[in-house]
Structure formats: structure tokens, C-alpha cells
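The structure under discussion appears below in the form of C-alpha cells.
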Amino acid sequence: NARFARDPRPLDEGCACPACTTFTRAYIRHLVNQQEILGLRLLSLHNLRFLLDLVAAARLAIARGAFESWRADALARLPGPTAETS
């Protein structure tokens with residue numbers, strides 16, 4: 001996506017994965033565009049961290065007996081489809 005060509009932010013500012021703490025959106029975009037395997041590895045690390053954190057939070061909510069309210073909050077925080085992705 002060309003809008004990330006000069007974006008100095010991490011993929012996700014609230015994420016502690018190596019991709020987000022070390023690299024910018026612009027650099028990861030560059031890696032992917034140049035078909036460098038590091039770009040795909042960084043995106044995979046980020047996605048795995050996201051899923052692990054999501055499942056850990058779900059487990060805690062289940063243990064507290066508050067899964068339904070957690071689920072509603074979690075879904076509200078996730079970005080929905082945009083005109084660009086639809």
C-alpha cells in the first residue's frame with residue numbers, strides 16, 4: 001500500500017513483537033515490495049503475537065466468567081473492512 005511508503009510508525013503501536021518494536025511500516029513495506037523474506041517473517045511474527053495475546057486474553061475472560069463482555073469489547077476494537085479491503 002503506497003500510503004505506508006514513508007510511515008515511521010510501527011505496524012501496531014500497542015504490540016511488543018520484534019516487528020513492531022524494531023521496524024517501521026515503511027521499512028516492512030519496502031521488504032515486502034522487494035520480495036525479501038524478512039518482510040514476510042516479520043509480518044508472521046506480528047500475526048502470531050496478535051493471536052497469542054488474543055487467546056490469552058480470552059482464556060482470562062473465560063476464567064473470570066466474563067467471556068461475553070470481553071468478546072464484545074474485543075470485536076469492537078478490531079478494525080472492520082474498509083472500502084480499500086472490501
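Hydrogens, waters and symmetry mates are skipped; everything else that's a heavy atom, side chains included, is used. Just so we're clear, the structure is a prediction, and the values are computed from it rather than from any experiment.
Within the structure, the salt bridge (Lys or Arg N to Asp or Glu O under 4.0 Å) test picks out the following pairs touching residues 53-66 (sequence neighbours left out): R49-D53.
Hydrophobic clustering of Ile, Leu, Val, Met, Phe, Trp and Tyr side chains at less than 4.5 Å, counting indirect connections, unites L54 with I62.
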Only distances under 3.5 Å count here; give the side-chain donor-acceptor pairs of residues 26-44 to other protein atoms, sequence neighbours excluded, each with its distance to 0.1 Å.
| residue | atom | partner | partner atom | Å |
| --- | --- | --- | --- | --- |
| R29 | NE | N1 | O | 2.8 |
| S44 | OG | L40 | O | 3.0 |

Which donor-acceptor pairs under 3.5 Å do the side chains of residues 67-76 make with protein atoms, sequence neighbours left out?
| residue | atom | partner | partner atom | Å |
| --- | --- | --- | --- | --- |
| E68 | OE1 | R71 | NE | 3.3 |
| E68 | OE1 | R71 | NH2 | 3.1 |
| S69 | OG | A66 | O | 3.1 |

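A distance of 4.5 Å separates SG of C20 from CG of L11, quoted to the nearest 0.5 Å. Remark: L51 CG to H46 NE2 distance equals 9.5 Å, nearest 0.5 Å.
D7 pairs by the salt bridge (charged side-chain N to carboxylate O under 4.0 Å, His left out) definition with R9, R25, not counting sequence neighbours.
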